[in-house]
Amino acid sequence: MKTVRTAADLGALPGSGSVGLVPTMGAFHEGHLSLLRAARAENDVVVASLFVNPAQFAPGEDLERYPRDEDRDSRLAEEVGVDVLFAPAVEEIYPPGFQTWVDVEQLGGILEGEHRPGHFRAVATVCLKLFNLAQPDRAYFGQKDAQQVAVVRRMVRDLALPVEIRVCPTVRDEDGLALSSRNAYLTPEQREAALALPRALQAHDRALLDGLDVDYFELADFEPRVLAGAVRVGGTRLIDNVVVEREPR
Ligand code: AMP
């Protein structure tokens, strides 16, 4: 595996066959690894990006304390067969004078977008930039972030980007909690409280969130349709969703 830090070096890699890109913010868990394995199975070359995108964190969010461990991520990426780890510095993605943004207006403004203004503008922009740099045939995203998938798909259609979006199922811990880099912030008591989110989603029963700080618990007409929720447990904000086949109670 080769670690590349500049856009120029990524662009200069010799091309040979299909490219699968897995955009990540690192702190790898089995959710990330499932995307990397899917990319490995379907492409000749697998590129994983490791970039904690400052623009997608609002002031007061967890940008500074977001878990970072490039050595561990690098080892895990190599183990699952990643060919290129793209780990750019912030200035590589946002060069001085940067002022061009992609805004998926309506889809990026609801649910998460309502509670994290500007979040999806930053997500869409960084994804477009990564697509331009890595030139992937396929890009891999997790159903865990269902709205992110919807936003990226919309951008790909609207701007006719030559990339296929592949979506992998949400990976959960044995207790049902969706894996997330942010789970590391939870104390054992908070983790127990956080289990209400997957349980409420599974049961389609908002009442199971009573006592928690709920940002939203709503049906979303993505493809597929999901029931999506976001809660705050202590200082940690968690999101999750389940695919919905029927009307919730
Ligand atoms: P992140 O590093 O949190 O930005 O996530 C990188 C990618 O991994 C995104 O496409 C996420 O949707 C995906 N991902 C994160 N957690 C999970 C999970 N528990 N199951 C499946 N995919 C996930």
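Note that the structure is a prediction, hence the values are computed from the model and not measured. Residues take their numbers from the sequence shown, with the count starting at 1. Counting convention: from 1, in listed order, for ligands and their atoms alike. The figures that follow rest on heavy atoms only: side chains count, while hydrogens, waters and symmetry mates do not.
Of all atoms in ligand 1, listed by their number and element, those nearer than 4.0 Å to a heavy atom of T170 are 20 (N), 21 (C). Every atom of ligand 1 with a heavy atom of F141 under 4.0 Å away is listed here by number and element: 10 (O). Numbered from 1 in the order shown, with element, the atoms of ligand 1 that lie under 4.0 Å from a heavy atom of Q148 read 9 (C), 10 (O). Near P23, the atoms of ligand 1 lying under 4.0 angstrom from a non-hydrogen atom of the residue are 6 (C), 7 (C). Shown in contact with L179 at under 4.0 Å from a heavy atom are these atoms of ligand 1, numbered in order with element: 16 (N), 17 (C), 18 (C), 19 (N).
With a 4.0 Å cut-off on non-hydrogen atoms, P169 touches ligand 1 through its backbone and not its side chain. By the criterion of a heavy-atom distance under 4.0 Å, the side chain of K144, and not its backbone, is placed next to ligand 1.
Comparing Q56, H29, Q143 by heavy-atom distance to atom 15 (C) of ligand 1, the nearest is H29.
Each ring-ring contact (aromatic ring centres under 6.0 Å, His included) pair with one or both residues in residues 109-129, not counting sequence neighbours, appears once here: H115-Y216. Within the structure, every pair that satisfies the ring-ring contact (aromatic ring centres under 6.0 Å, His included) test and touches residues 68-98, not counting sequence neighbours, is listed here: Y94-F98, Y94-W101, F98-W101.
Atom 20 (N) of ligand 1 has its closest protein heavy atom at V171 N, 2.8 Å. Nearest protein neighbour of atom 4 (O) of ligand 1, counting heavy atoms only, is M25 CG, 3.5 Å. Scanning all protein heavy atoms for the shortest distance to atom 11 (C) of ligand 1 gives D145 OD2, 3.1 Å. Of the protein's non-hydrogen atoms, the one nearest atom 22 (N) of ligand 1 is G142 CA, 3.5 Å. Scanning the protein for heavy atoms near atom 13 (C) of ligand 1, the closest one is L35 CD1, 3.7 Å. Distance from atom 1 (P) of ligand 1 to its nearest protein heavy atom, with residue and atom name: H32 NE2, 3.6 Å.
Within the 3.5 Å criterion, the main-chain N or O of E42 finds a donor-acceptor partner in the side chain of R138.
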Run the salt bridge (charged side-chain N to carboxylate O under 4.0 Å, His left out) check on D9 and K2 step by step: do they pass? CA-CA 11 Å; D9 287 348; K2 202 175 159 70; over 6 Å; no
Walk me through it: do H204 and L227 pass the test side-chain contact (heavy atoms from CB on, under 4.5 Å)? CA-CA 8 Å; H204 293 186; L227 178 60; 3.6 Å; yes
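M155 and V151 fall within the same hydrophobic cluster, defined by Ile, Leu, Val, Met, Phe, Trp and Tyr side-chain heavy atoms under 4.5 Å apart, directly or through other members.
Considering backbone and side-chain N/O atoms, C168 never comes within less than 3.5 Å of an N/O atom of ligand 1. Not a single N or O atom of A178, backbone or side chain, sits closer than 3.5 Å to an N or O atom of ligand 1.
For the side-chain contact (heavy atoms from CB on, under 4.5 Å) criterion with D83, the lone passing option out of V19, L13, V46, D44 is V46.
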